[in-house]
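Structure record follows, encoded as C-alpha cells.
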Amino acid sequence: MPTFKTLKGFKDLLPEESFIWESLASTARETFDLYGFSMIQTPILEPSDLFTQSIGTTTDIIEKEMYTFKDRDKSKISLRPEGTASVVRAYLEHPTLSQQPYTKLYYIGPMFRHERPQAGRLRQFHQIGAESIGEINPNRDIEMLALLVHLFEQWNIAGLTLEINSLGCPVCRPPYRQQLVDFLTQAIHALCEDCVRRLQTNPLRILDCKKEGCRAHIGKAPASRDFLCLECDIHFKAVEEGLHRLNIPYVVNRHLVRGIDYYTKTAFELTTTALGAQNAVAAGGRYDSLIQTLGGPQVHAIGFAIGLERVAKLINPETIQPNPLMLFMAPLGERAHMLLFPMLYAFRRNKVKSELGDRNMNLKRQLKQADHFKARYVLIIGDDELGSGYAVLRNMVTREQQKIPLVTLVESTIAKIVQKADRPE
RNA sequence: GUGAGUGUAGCUCAAUCGGCAGAGCACUGGACUGUGGCUCCAGGGGUUGAGGGUUCAAUCCCCUUCACUCACCCCA
C-alpha cells in the first residue's frame, strides 16, 4: 500500500482520461466562440458569504457540503461549490464586464462539494458553465439552449433528453408554493419521511421524489406551470416557440425543480439513462434576481453548467486518440546512437513526433517498442548502414523498407514520411 | 449523515465441504544472433486490505477496523 493516496472523492486524471478531457474542452472552446462567449477564469477560493447569499442558506450545498475554512485573518473562505456566483461576483467587480450592453462568459474548472462519492459524483468535480447576462428576452433562453444542444452534438453524444420547465418569479412563485404546501399537507400521511421534512425545507423538491407512495400523490399535485403570472407565461411560451422553430427536441417536465434557490422562470436539464442514479449531465436556468441579491443592479441573466465527469463517461474513448508516434529510431550499437541522438531533436524541431530507442536492445525488441508507441515509421541504423551510408526506413503498416542517405537523413526522412502521412486515409 | 456490496499478482478475475494460493492479460527471456503484431515454451512476481478470534488447519467461518463501489439523501 502506498503511503499517500488521493483524498476520498478526489481523483487523479491519468493521461488517457486527461486527453479526452482536453479534447472535450477544446471542442467546447470552439463552440462557445461561435456563440460569442468569452472565457473567464475566477479563483476557486471565495468569501464564504458569496455562496451562502446566492445559493440559499437552507440548501444542502450550503448547509453541509461546502468546504469552508478560516483564513489566517479569521475571515471565512470557501472552495467554490458552483460557478455562477463567482462569475456574477466578477461581473459586478469589473466595470469592463458590467458596462457592456450584454455579457456572455464561459468557464471550465473544478468545483468542490463534500458529499459521499457515488457513480458520477465526486467531491472535486469539474464543470463547463456559461452565463448570459443582461436581458430578460426569451431569445436569450433559446440561445442558451441551442448552444447547449449544439455542444453535445459537437461531442457526438446522442440519446439525451432536454427537459424544461418554468419555476415562476417572485410574483407568482410564492402563491404557487403555498398551493403546493396546502395540497401536500392534506396528503402528509402518505408522504415518506424525507418528503415530510422537505415540506418545511424545500416543498418543490417533493415533486422529484422517487418513492412510489409519494409519486402517486405527486401526479395530482399543482404544477408551477399552471400558476405562472402573465409575464412568466408569455416568456415560457416564447421559449417553447423558439425551440420549435429551431427544431430542438424537448419535453416539458412540469415537476422539474432546481436545487439552488436563485433560479427563476426557465429551468432545464439535459438527462441521460446511461449514468446510473446521477442522470443529469447538464442543468441550468434563468436567475433574474441573483445579481441584485449580490448587491448589483437589476440585471437579468441565464446560465447552465455541464458536469464534465458525466460527459466524459458518455464518450467512447476509441473515438478520441492522441496522435500516433510518427517516427521511432532504432540504433543498433553505440556508433548508431551517437549519430541519431542529435537527430531526435532535429526531427522534433521539424514537428515530427519521434522517439529514440535503446542502443543496447536488439532490433526485435526495438521494433516491439515501436509497436507499443504505435509508430508509423521506424528508422534503423546499425553497422551495415553506417558502412553503406544508407539508413533503412521501415513503414510499420505496409512493411515496406527504403534506403535513406545518411548525409541528408533528416530532410530525406521528412520528405518520405510527411508526404505519405498527409494523404487522406 | 443512512443502507448494502466488494477487497486475492501491475490489470481482470478463479480457488469445490475449511485442506499445498491459481489462470488470462501485461512484463522479461528463449524458439528466431539485424526485422514488430501471430504462435509455442520458460521465468519473475503475493503479508489473500489490516488486526484479532474459532480450528490440527482459514482466501473461505466469527468480531473489529480501513479502503473502494453502488444506492438513499443531494446534485452537474
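Small disclaimer: the values here were computed from a predicted structure and weren't measured. Convention: sequence-line order gives letters A, B, ...; per-chain numbering from 1. Any value given below was found using the heavy atoms of this structure, including those in side chains, with hydrogens, waters and symmetry copies removed.
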In dot-bracket form, 5' to 3', how is RNA chain B paired? Count Watson-Crick and G-U wobble pairs only if both distances fall under 3.5 Å, and write | where the partner sits on another strand. (((((((..((((.....[..)))).(((((.......))))).....(((((..]....))))))))))))....
Nearest-neighbour nucleotide for the A:R394 side chain, B:C75, B:G36, B:C70 considered: B:G36
Base, sugar-phosphate alone, or nothing: which one does A:D194 contact when heavy atoms must sit under 4.0 Å apart? sugar-phosphate
Does A:E82 reach a base, just sugar-phosphate, or nothing at all? Heavy atoms under 4.0 Å. nothing
Sugar-phosphate, base or nothing in reach of A:G129, heavy atoms under 4.0 Å: nothing
Candidates B:C72, B:G36, B:G34 - which lies nearest the side chain of A:D384: B:G34
When the distance from CD of A:Q369 to C1' of B:G37 is rounded to whole Å, what number comes out? 15 Å
Can you tell me how the ring of A:F32 sits relative to the ring of A:F304, calling it parallel under 30°, perpendicular over 60° and tilted otherwise? parallel
Cation over ring face, A:R173 and A:Y176, 6.0 Å, 45°: no
Taking only the side-chain nitrogens and oxygens of A:R205, find out if one of them lies under 4.0 Å from OP1 or OP2 of B:C75. yes
Please state whether the rings of A:W155 and A:F152 are parallel, tilted or perpendicular, taking 30° and 60° as the class boundaries. perpendicular
Euclidean distance, atom NE2 of residue A:H114 to atom C1' of B:A76 [Å, nearest integer]: 18 Å
If the threshold is 4.0 Å, N to carboxylate O, is there a salt bridge linking A:R29 and A:E22? yes
From the list B:A31, B:C75, B:G1, which nucleotide is the closest neighbour of the side chain of A:K364? B:A31
To the nearest Å, how far apart are A:H372 NE2 and B:C27 C1'? 11 Å
Of the listed B:G37, B:C70, B:A76, the closest approach to the A:D371 side chain comes from B:G37
With the side chain of A:K8 defined as its heavy atoms from C-beta on, choose the nearest nucleotide among B:C72, B:G36, B:C68. B:C68
Side-chain-base donor-acceptor pair under 3.5 Å for A:Q118 and B:U69: no
Taking atom P in both B:A58 and B:A26, what distance in whole Å separates the two? 36 Å
If I pick the P atom on B:G19 and the same atom on B:C61, what distance separates them, to the nearest angstrom? 11 Å
Please give the distance between the C1' atoms of B:U65 and B:C11 as a whole number of Å. 27 Å
Taking the nucleotide of RNA chain B with the closest heavy atom to each, which residue, A:A119 or A:R123, is nearer the 5' end? A:A119
C1' gap between B:U8 and B:C13, integer Å: 9 Å
Among B:G34, B:C72, B:A76, which nucleotide has an atom closest to any side-chain atom of A:Q278? B:C72
For a quick check of understanding: with a heavy-atom distance under 4.0 Å over all strands, which category does A:I380 fall into, base, sugar-phosphate or nothing? base
Cationic tip of A:R140 within the cone over A:Y102's six-membered ring, i.e. under 6.0 Å and within 45° of the normal? yes
Check this for me, if you would: do A:E65 and A:R123 make a salt bridge, where the nitrogen-to-carboxylate-oxygen distance has to be below 4.0 angstrom? no
Could you give the distance separating B:U12 and B:C68 at their P atoms, to the nearest angstrom? 16 Å
Would you kindly give the OH-to-C1' distance between A:Y67 and B:C75, to the nearest whole Å? 15 Å
Quickly work out the A:N360 CG to B:G29 P distance and round it to whole Å. 12 Å
Confirm from the modelled atom types if A:Q366 and B:G34 form a donor-acceptor pair under 3.5 Å, side chain to base only. no
Determine the sole option in A:D141, A:N137, A:T264 for which the side chain to side chain donor-acceptor pair (under 3.5 Å) test with A:H235 is passed. A:D141
Distance only, no hydrogens: is a donor on one side chain within 3.5 Å (strictly under) of an acceptor on the other, for A:Q366 and A:N362? no
From CD1 of A:I306 over to C1' of B:C75, roughly how many Å is that when rounded to an integer? 16 Å
More than 12 non-hydrogen atoms from neighbouring residues, nucleotides or ligands closer than 6.0 Å to CD on A:E193, yes or no? no
Would one find a side-chain N or O of A:K5 under 4.0 angstrom from OP1 or OP2 of B:A67? no
More 5' along RNA chain B: A:R197 or A:R258, using each one's nearest nucleotide? A:R197
Atom-pair distance (CD on A:E115; P on B:C70), nearest Å: 14 Å
Expressed as a whole number of Å, how far does the C1' atom of B:G44 sit from that of B:G10? 13 Å
Do you see a donor-acceptor pair shorter than 3.5 Å between the side chains of A:E46 and A:S78? no
Base, sugar-phosphate or nothing for A:A370? Non-hydrogen atoms, less than 4.0 Å. nothing
Which is true for A:L122 with a 4.0 Å heavy-atom rule: it touches a base, it touches only sugar-phosphate, or it touches nothing? base
Would you indicate which nucleotide in B:C72, B:C75, B:G36 comes nearest to any side-chain atom of A:K368? B:G36
With heavy atoms under 4.0 Å as the rule, sort A:E193 into base, sugar-phosphate or nothing. nothing
OP1 or OP2 of B:G37 less than 4.0 angstrom from a side-chain nitrogen or oxygen of A:R399, does that happen here? no
Taking atom C1' in both B:A67 and B:G24, what distance in whole Å separates the two? 26 Å
Using OP1 and OP2 only, check whether a side-chain N or O of A:R365 sits under 4.0 Å from B:G29. yes
Under 4.0 angstrom, heavy atoms only, what part of the nucleic acid is A:M111 near: base, sugar-phosphate, or nothing? nothing
When the C1' atoms of B:U59 and B:U48 are compared, how many Å lie between them, rounded to an integer? 5 Å
Let me know the distance between CH2 of A:W155 and C1' of B:A76, rounded to the nearest Å. 12 Å
Has the side chain of A:R121 got a donor or acceptor atom sitting under 3.5 Å from an opposite partner on the base of B:C70? no
Minimum heavy-atom distance between A:A119 and A:L275, given as atom pair plus value: CB-O, 4.5 Å
